[in-house]
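In what follows, a structure is listed as structure tokens, so that the remarks can point back to it.
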Amino acid sequence: MKIGVFALQGAFIEHEKMLSKLGAESVEIRRKEHFSDALDGVILPGGESTVQGKLLREEGLMAPLQEAILGGMPVFGTCAGLILLAKSLSNDENVYLGTMDVTVRRNAYGRQLGSFAAKLNFAGVGEYPAVFIRAPYIEHADAGVDVLATVEDKAVAVRQKNMLATAFHPELTADMRIHEYFLNMVKGR
Ligand code: GLN
């Protein structure tokens, strides 16, 4: 199984390590020629969505990625990756890929709570220790989007068909179950 990991900026190496522990191969995507429809799935890591979005555009990756996702390619976005997938942001005018029917609030937990850990209940996985870093949350999910986990009534993990997204960073904990969940989506395609 070959998973493309967007390596423009942010926490991509941690995803690659996780994939390798689970027996999946990762391919770093930095430029257009690294991306192909033949990949089994892609990961959009955490980091800074404005920087990542700008680089996706500059490298000519935005349109091919958007097309592949709409064509059914499995995608997993974490934190900034969730922001890139959202069809709208409630506190920012930018829209990047816009393929997922969710409205997301950036830096939603404010300065006081820049980073925190929370035990949540992830549908189909169970109790899960989640790490949040200047995290967004999902303010609104349209019909057709499944909310998989919440923290204090706010959705922090969602799935819509071939798209999985979390406001937290599953690549930063030792628990591999969310990546396993994604790889099962890839297998089931
Ligand atoms: N605050 C970042 C943003 O808006 C996301 C943070 C993260 O990916 N850890 O892009």
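Everything numeric here is computed off the predicted structure, so don't read it as measured data.
Met163 contributes atom CE, which lies 7.0 Å from atom CG of Leu70 (distance to the nearest 0.5 angstrom). We find the CG-CG distance between Leu8 and Leu55 to be 5.5 Å, quoted to the nearest 0.5 Å. Between the CD atom of Glu127 and the CZ atom of Arg177 there is a distance of 8.5 Å, given to the nearest 0.5 Å. Rounding to the nearest 0.5 Å gives a distance of 6.0 Å between CG of Leu56 and CZ of Phe6. For the atom pair Asn91 CG and Arg105 CZ, the distance stands at 4.5 Å (nearest 0.5 Å). From Asp101, atom CG reaches atom OG of Ser88 across 9.5 Å, with rounding to the nearest 0.5 Å.
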Original post:
How far apart are the C-alpha atoms of Leu148 and Leu164, what are their side-chain angles, what is the distance that settles it, and do they pass the side chain to side chain contact (heavy atoms under 4.5 Å, CB included) test?
Top reply: CA-CA 9 Å; Leu148 302 177; Leu164 175 69; 3.6 Å; yes
**OP:** I would like to know whether Val147 and Ile138 meet side chain to side chain contact (heavy atoms under 4.5 Å, CB included); could you show each step before the answer?
**Re:** CA-CA 9 Å; Val147 173; Ile138 296 122; over 6 Å; no
Original post:
side chain to side chain contact (heavy atoms under 4.5 Å, CB included) between Phe132 and Val156: does it pass, once the steps are laid out?
Top reply: CA-CA 10 Å; Phe132 293 78; Val156 293; 3.8 Å; yes
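Hydrophobic clustering keeps Leu172 apart from Phe168 (ILVMFWY residues linked when any side-chain heavy atoms are closer than 4.5 Å, directly or through intermediates). Residues Leu61 and Phe12 fall into different hydrophobic clusters, defined by Ile, Leu, Val, Met, Phe, Trp and Tyr side chains chained together at heavy-atom separations under 4.5 Å. Grouping the Ile, Leu, Val, Met, Phe, Trp and Tyr side chains by contacts below 4.5 angstrom, directly or via other members, places Phe122 with Leu183. Residues Met176 and Val186 share a single hydrophobic cluster, defined by chaining ILVMFWY side chains whose heavy atoms lie under 4.5 Å apart. The hydrophobic clustering, which links ILVMFWY residues whose side-chain heavy atoms are closer than 4.5 Å, places Leu44 and Val95 apart.
Distance alone, capped at 3.5 Å, places no donor-acceptor pair between the Thr78 side chain and the His169 backbone. Checking side-chain atoms of Asn162 against main-chain N and O of Ile69 turns up a donor-acceptor pair under 3.5 Å. Panel note: side chain Gln66, backbone Thr99; no donor-acceptor pair is recorded below 3.5 Å. Checking side-chain atoms of His34 against main-chain N and O of Arg31 turns up a donor-acceptor pair under 3.5 Å.
A tilted orientation is assigned to the rings of Phe182 and Phe76, their planes being inclined by 30° to 60°. The aromatic rings of Tyr109 and Tyr137 lie perpendicular to each other, with more than 60° between the two planes, well past the 30° mark.
Looking at every heavy atom in both residues, Gly4 comes nearest to Ile29 through CA-CD1, 3.7 Å. Residues Gly47 and Gln52 approach most closely at CA-NE2, 3.7 Å, considering heavy atoms. Counting all heavy atoms, side chain and backbone alike, Ala7 lies closest to Arg30 at O-NE, 3.4 Å. Counting all heavy atoms, side chain and backbone alike, Tyr181 lies closest to Val125 at CD1-CG2, 4.0 Å. Residues Ser26 and Val5 approach most closely at CB-CG2, 3.7 Å, considering heavy atoms. The minimum heavy-atom distance between Met73 and Gly41, with the atom names listed, is CG-CA, 4.1 Å.
Counting only heavy atoms from C-beta outward, the side chains of Glu171 and Ile43 never approach each other to under 4.5 Å. No side-chain heavy atom of Cys79 sits under 4.5 Å from any side-chain heavy atom of Ile133. Counting heavy atoms from C-beta on, the side chains of Val75 and Leu97 never come closer than 4.5 Å.
Applying the salt bridge (Lys or Arg N to Asp or Glu O under 4.0 Å) test to pairs two or more places apart or on separate chains, none has a residue in residues 7-26. Residues in residues 146-165 take part in no salt bridge (Lys or Arg N to Asp or Glu O under 4.0 Å) pair, two or more places apart or across chains. Sorted by first and then second residue, the salt bridge (Lys or Arg N to Asp or Glu O under 4.0 Å) pairs with a member in residues 37-58 read Glu48-Arg106, Glu48-Arg134, Lys54-Glu58; sequence neighbours excluded.
Checked options Thr166, Asn121, Thr173; the residue passing with Tyr128 is Thr173 (criterion: side chain to side chain donor-acceptor pair (under 3.5 Å)).
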